[in-house]
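Read through the structure below, which is laid out as structure tokens, and then see the notes.
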Amino acid sequence: MSSVEVHSQQPESASSLIPTLPGSHYTDTAVFEIEQSRIFQRNWFAAARSNDMATLGSFRSVDVGGESVLIVRARDGALRAFLNVCRHRGARLCLEESGSVRRSLQCPYHAWTYGLDGSLIAAPNLNSMNDVNRDEYGLIGVALQEWLGTVWVCLADEPPSFADTVQAAVAARLGDPDVIDGWRIEDLVVGRRITYDVKANWKLIVENFMECYHCATIHPELTEVLPEFADGYAAQYFVGHGAEFGEEITGFTVDGQSGFETLSGVDEDHDRRYYAITINPQAFINLVPDHVIFHRMYPVAVDRTIVECDWLYTQEVIDTGADLSRSVELFHRVNQQDFDACERCQPAMSSRAYASGGVLVPSEHHIGEFRDWVAAAISG
Amino acid sequence: MSSVEVHSQQPESASSLIPTLPGSHYTDTAVFEIEQSRIFQRNWFAAARSNDMATLGSFRSVDVGGESVLIVRARDGALRAFLNVCRHRGARLCLEESGSVRRSLQCPYHAWTYGLDGSLIAAPNLNSMNDVNRDEYGLIGVALQEWLGTVWVCLADEPPSFADTVQAAVAARLGDPDVIDGWRIEDLVVGRRITYDVKANWKLIVENFMECYHCATIHPELTEVLPEFADGYAAQYFVGHGAEFGEEITGFTVDGQSGFETLSGVDEDHDRRYYAITINPQAFINLVPDHVIFHRMYPVAVDRTIVECDWLYTQEVIDTGADLSRSVELFHRVNQQDFDACERCQPAMSSRAYASGGVLVPSEHHIGEFRDWVAAAISG
Amino acid sequence: MSSVEVHSQQPESASSLIPTLPGSHYTDTAVFEIEQSRIFQRNWFAAARSNDMATLGSFRSVDVGGESVLIVRARDGALRAFLNVCRHRGARLCLEESGSVRRSLQCPYHAWTYGLDGSLIAAPNLNSMNDVNRDEYGLIGVALQEWLGTVWVCLADEPPSFADTVQAAVAARLGDPDVIDGWRIEDLVVGRRITYDVKANWKLIVENFMECYHCATIHPELTEVLPEFADGYAAQYFVGHGAEFGEEITGFTVDGQSGFETLSGVDEDHDRRYYAITINPQAFINLVPDHVIFHRMYPVAVDRTIVECDWLYTQEVIDTGADLSRSVELFHRVNQQDFDACERCQPAMSSRAYASGGVLVPSEHHIGEFRDWVAAAISG
């Protein structure tokens, strides 16, 4: 390194490598707050698995864009979502992450009682408060959609089109809006759920998921199963392309041995292949012939993200008590390897060496699109 | 809930329910800093029990509005209060919360030595520093009053009238400035002290103490002893009113069985009754026939408050070695139930559902007065 | 204390005692950030012992002004310093505080590989990226100097003169630029290293080191060895002066018994004496006849500083397996006593009693010079 270059931090010469977001976007709490309001509160957010709330009165509370959102199975069998806050004095209705109530949601502070549809149905002395219009004090509702067996919520007053955002992202990746139907994800059930507490900004996790330039370095098991990943080109690089299993590989498992029967709706073109889909801002779907791996991210701080990962199988596989361990182990290792890498980047985001960001090689071009999507979202 | 209402956060229609403070007042550290300077440093603050510093040289250090205040029993038998900071290089004089010194307060860093009246009496090499006017370097004093066996301090340059604030609050509640004298609180002694570390803003604790609309829901033991509390109207609702013991109740104890002899100065009108008094900003007094429960709050962060609660009995009760456990247990449970409720509200204060606050039912009207008191105090 | 004085915080009358920095300089995170950029990134910073990186490929990573700096022994035998950040996507190259690599520094995320001189020598697919000028993507270098067996680094684009700052500070203290050569510090080796985690602002530690007014109060062992310290005048008070050992003292040890042979280059004038040198902003050197004690401070937060202290002896002393414990114990106790004092000051820095700072007695005059140095450094 010549002495002239020693302190040059922003090369002035042109370069073929395009920049990432600047480092401050990964460390500045003010940026994170803007993302909470302009990204996570405005977009459809994969909040939970529908079947997590299988029975009448069962609920989950999840953090969405800084809000605690309560999702509950109502009396009509549909799911409803509300802000998890009593309208009276602001107590949390449900402190637990999941559980169930019988017929209503009762605040444990002053016993204001709401129907499972969110309406205020009772409160002590309410009858003697003649002027109170109880319709004003129902729980504050949150928009909700179900697709792929997943509950998507949106805190926006006017949610964007679900078809144009969530469903369009899947179609753009697979090259056809109907292909994903083959996996019948809504009929699959959770065989294993692992929750990761990652000490990294959520965007590092997205960016990591979007490229496979790192696969040869950190994912030995995955590149054994999917040899083309060793070349550094991600499955997402080409529209509709799925990475093909190696010749000796008989299943998407940690040792490449057979997994389970190919799902009945997955045709020959999609068998023996792996597809990865990113749905902005916080859902990843991995499709393999015999199961689906579904990630939901819950950003909790500028440098911390909870990731909930479900391994989904047919009810039949679960009912037979099959051993899922080799099937789960492959992507569990991938997750650990990826999240370790993200945690290794987080502390350097505040360095002057990253003040104007890093660089992207050509095979990382999806990250450039994500960068532009984030920049547009937080500026508006 | 109609679809129109789903995202309405501020009902536009008129309502009989009046609002609380907005949620940001319970979560914004900038608001907390303003409260420290304009509320806790400007008002009389119940800092300690006088008898905590019973003997010459005994001291307590307490946090008042962000300052460590040292209260010490001086040679003339009176209590003095000082900022707990050496005038030389800023070392804490006393790190312990309580203790005793012999004749002086000596800084352990450079041995500057102060009399118990705060004057600088010695420092190494001081005699050779001819120009030093040692009167300039005495400890910085803090205004102090004693009443009800309690030390009240005020960090203001010009403290407000003690009579017009602290004593007036008690008189306004009881309807007569002399009634409280019957309990001779200054002669009572601490039978039990419990310190609670509450993860909630101090105002949630005040507001909780000011209403009994929650009593039926969370205080089964208390409503057993004071049946009228089950109706949701607080003892503080009517001036001079004390909640009456239930017919079968013979004492203010966890099981309603007899406690101790009625205090000799408590007359028939006040026997078999419970009185609760709030003294802004951080003291609560509970009067029952045979003892007094005195709460002092020490706000330490926007979302954390230390509460020190004393159960006070006559010296005779203590000297006989009487079992205080059933007597203490009643309000200890009430405290735990209340503080749990406050901690359940704290995380929801940042929700958009609470951005413009919650609502108060008519029986919570004292909270409206407190809201106005706080708003006026922090704006001036 | 007269009643008039009770609340006076800034005496208006003239005083012979000069002020310290105001309290906010020790508590305000914004001030700390300015110090990081204007003091610790602009000045030469004692980062490590050269011999910590004795062999080819051995490295240390140290925090300098908020940056992780990687110091590595290159193939030419010289030391090089770099920002510890991969130029590609910002991963930390070395997470460990110390260790060694073979021939290159390889990023564990995407395998970008740098020579020990910082040049980018390989990256997957790099050959197929025709436009990439690999000279642009070498590690970002940091200026480095070696002196007294110590690695000094500077993050400034144009580092100040090493001779005019670091070396001049030593000469100014000892009265002669050549005196320090007698200790041949570059030939000494680390006999013992102790790392202290001090919950105090770095300036409190510097100020503590600059005066001996506290010695009589907190350093009984040290004043036993150096009786003149009991008078409160620091060794640094007079240019070229070293505090003399007491008559009965035969070595700089915890019990005053003999230590090791006087270093061969230390002449009679400097034998049986102790010299303390402060090099702004974060190095202290203590010279005694038979060893050297070298402190390096690493400020990590406005209220927290890591101090690494080396006890340096001749290779001969180490090779004989001599018992260092009494030799090390003396200054280890001094360190503990000093850091306890600093931690006692830190919480009071935010008091209104210290808003305009404390005062300095005449024997603390060096602190006044340090105050002016800091004020000038952060204002420019």
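Chain naming here is simple, since letters A, B, ... match the order of the sequence lines and numbering starts at 1 in each.
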State, to 0.1 Å, how close A:Thr20 and C:Arg89 come at their nearest heavy-atom pair, and which atoms those are. CG2-CD, 4.2 Å
Quick check: closest heavy atoms across A:Ala348 and C:Gly90, and the distance to 0.1 Å? CB-O, 3.0 Å
Side chain, backbone, both or neither: which part of A:Asp338 has an atom under 4.5 Å from a heavy atom of chain C? neither
Given heavy-atom pairs under 4.5 angstrom as the criterion, report whether the side chain, backbone, both or neither of A:Gln346 touches chain C. neither
Within a reach of under 6.0 Å around [atom1] of [X], are more than 12 heavy atoms found that belong to other residues, nucleotides or ligands?
X        : atom1 : value
C:Glu96  : CD    : yes
C:Glu186 : CD    : yes
C:Arg193 : CZ    : yes

Indicate yes or no: at least one non-hydrogen side-chain atom of [X] is less than 4.5 angstrom from one of [Y].
X        : Y        : answer
A:Thr217 : C:Tyr109 : no
A:Leu17  : C:Tyr137 : yes
C:His110 : A:Glu364 : yes

Sequence neighbours left out, cut at 3.5 Å: what donor-acceptor pairs do the side chains of residues 142-149 of chain C make with other protein atoms?
unit_1	atom_1	unit_2	atom_2	d
C:Glu146	OE1	C:Ser50	OG	2.7

Between A:Tyr213 and C:Asn125, does any side-chain donor sit less than 3.5 Å from a side-chain acceptor? no
Taking every heavy-atom pair that is under 4.5 Å apart, which of A:Gln337, A:Glu343, A:His214 has the most such pairs with chain C? A:His214
For C:Glu67, is there any backbone N or O sitting under 3.5 Å from a side-chain donor or acceptor partner on A:Arg352? no
Can any side-chain N or O of A:Arg344 pair as donor or acceptor with the backbone N or O of C:Leu93 at less than 3.5 Å? yes
Distance, nearest 0.5 Å, that separates NE2 of C:His88 from OH of A:Tyr354: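 Taking NE2 in C:His88 and OH in A:Tyr354, the distance rounds to 8.0 Å.
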Output for pair (C:Ile140 CD1, A:Ser351 OG), nearest 0.5 Å, gives 6.5 Å
Give the member of C:Cys86, C:Ser68, C:Gly115, C:Ala91 that has the highest number of heavy-atom pairs under 4.5 Å with chain A. C:Ala91
